[in-house]
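Along the sequence shown, residues carry numbers from 1.
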Amino acid sequence: MEINRKNEKLKALGNTTEYQMDYAPEVLEFFANQHTENDYWVRFNCPEFTTLCPITGQPDFAEIRISYIPDQKMVESKSLKLYLFSFRNHGGFHEDNVNTIMKDLIKLMEPKYIEVLGLFVPRGGISIYPYANYGKPGTKYEKMAEHRMLSHDMM
């Protein structure tokens with residue numbers, strides 16, 4: 001089966017890369033899920049995520065793991081890369097960054113389920129691993145999110 005993607009109107013994919021120098025949710029793009037009848041996982045790992053401490057301005061490094069079950073829309077990976085890069089000069093606490101990423105992706109895609117984990121490199125001898133999740137209200141995914149949150153072991 002050949003899928004026609006010409007009507008997707010994607011701006012980042014296949015064009016010259018323009019990096020944003022501060023938080024830029026507007027660079028996120030989506031495309032249509034071609035398998036809405038299936039539940040399946042999509043996972044992204046960003047092992048080179050960087051952001052700035054909002055107090056000291058010092059860099060923070062992390063691996064960001066994003067897992068989701070799509071509904072009608074899916075995030076385009078190059079736009080996701082550009083979006084995550086836009087945090088490079090953005091000041092935000094680890095927990096804030098993880099929740100912001102999740103909320104921006106919910107706004108973009110309206111997924112059935114999504115979770116975001118930040119594995120931040122230790123600073124001052126302490127590692128911080130914030131985790132946030134969401135399940136579409138009124139569905140089995142909302143119950144799944146509650147179960148995964150209550151039983152989450154952070155690794």
Please confirm whether the backbone N or O of [Y] pairs with a side-chain atom of [X], one donor and one acceptor, at under 3.5 Å?
| X | Y | result |
| --- | --- | --- |
| N97 | G92 | yes |
| S67 | R43 | no |
| S79 | E29 | yes |

Give the intermediate values and the outcome of side-chain contact (heavy atoms from CB on, under 4.5 Å) for residues F30 and E76.
-> CA-CA 5 Å; F30 67 86; E76 191 279 314; over 6 Å; no
Under 4.0 Å between a Lys/Arg side-chain N and an Asp/Glu carboxylate O for E63 and R65?
->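 Judged by the 4.0 Å cut-off on N to carboxylate O distance, E63 and R65 do form a salt bridge.
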Taking only Lys NZ, Arg NE, NH1 and NH2, and the carboxylate oxygens of Asp or Glu, determine whether K103 and D96 approach each other closer than 4.0 Å.
->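 Salt bridge absent between K103 and D96.
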Going by atom types alone, do N33 and Y40 pair a side-chain donor with an acceptor below 3.5 Å?
->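 Y40 and N33 do have a side-chain donor-acceptor pair below 3.5 Å.
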Below 4.5 Å, heavy atoms only, C-beta onward: do [X] and [Y] meet side chain to side chain?
| X | Y | result |
| --- | --- | --- |
| I101 | F87 | yes |
| T36 | Q72 | yes |
| P111 | P70 | no |
| I114 | M102 | yes |
| M144 | T139 | no |

Any chance CD1 of I126 has more than 12 other-residue heavy atoms, nucleotides or ligands included, within less than 6.0 Å?
->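 No, CD1 of I126 has 12 or fewer neighbouring heavy atoms, counting only those of other groups under 6.0 Å.
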Atom CD of E48: over 12 foreign heavy atoms under 6.0 Å |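 No, CD of E48 has 12 or fewer neighbouring heavy atoms, counting only those of other groups under 6.0 Å.
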Is there a path of hydrophobic side-chain contacts, each under 4.5 Å between heavy atoms of I, L, V, M, F, W or Y residues, that connects [X] with [Y]?
| X | Y | value |
| --- | --- | --- |
| V27 | Y23 | yes |
| M149 | I128 | no |
| M109 | V42 | yes |
| F44 | V116 | yes |

Give, for atom [atom1] of [X] and atom [atom2] of [Y], the distance between the pair rounded to the nearest 0.5 Å.
| X | Y | atom1 | atom2 | value |
| --- | --- | --- | --- | --- |
| D39 | K112 | CG | NZ | 4.0 Å |
| T50 | R88 | OG1 | CZ | 3.5 Å |
| L80 | L105 | CG | CG | 6.0 Å |
| C46 | F85 | SG | CZ | 10.5 Å |
| I64 | H94 | CD1 | NE2 | 9.5 Å |

Can the ring centres of F120 and F61 be said to be less than 6.0 Å apart?
->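 For F120 and F61, the ring centres are not under 6.0 Å apart.
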Describe, in one word, how the ring planes of H152 and Y131 are oriented to each other, choosing from parallel (under 30°), tilted (30 to 60°) and perpendicular (over 60°).
->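 Parallel.
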Candidate pair Y68 and N133, rule side-chain hydrogen bond (donor to acceptor under 3.5 Å, both in side chains), full reasoning = CA-CA 9 Å; Y68 73 99; N133 76 354; over 6 Å; no
Looking only at heavy atoms, what is the nearest atom pair of [X] and [Y], with distance?
| X | Y | value |
| --- | --- | --- |
| F93 | I55 | CZ-CG1, 3.9 Å |
| S86 | A24 | OG-N, 3.0 Å |
| A145 | G135 | CB-N, 3.5 Å |

Quick one: do Y113 and D71 satisfy side-chain hydrogen bond (donor to acceptor under 3.5 Å, both in side chains)? Show the steps, please.
-> CA-CA 9 Å; Y113 176 84; D71 195 355; over 6 Å; no
Passes side-chain contact (heavy atoms from CB on, under 4.5 Å), H147 versus S151? Steps please.
-> CA-CA 6 Å; H147 173 75; S151 62; 3.9 Å; yes
Chi angles and distances behind the side-chain contact (heavy atoms from CB on, under 4.5 Å) call for D60, V121 | CA-CA 7 Å; D60 289 312; V121 173; over 6 Å; no
Cation-pi geometry met for K136 and Y141 (6.0 Å, 45°) |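 Because its charged atom misses either the 6.0 Å distance or the 45° angle limit, K136 does not stack over Y141.
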Would you check, one step at a time, whether the test side-chain contact (heavy atoms from CB on, under 4.5 Å) holds for L117 with V98?
-> CA-CA 7 Å; L117 171 65; V98 164; over 6 Å; no
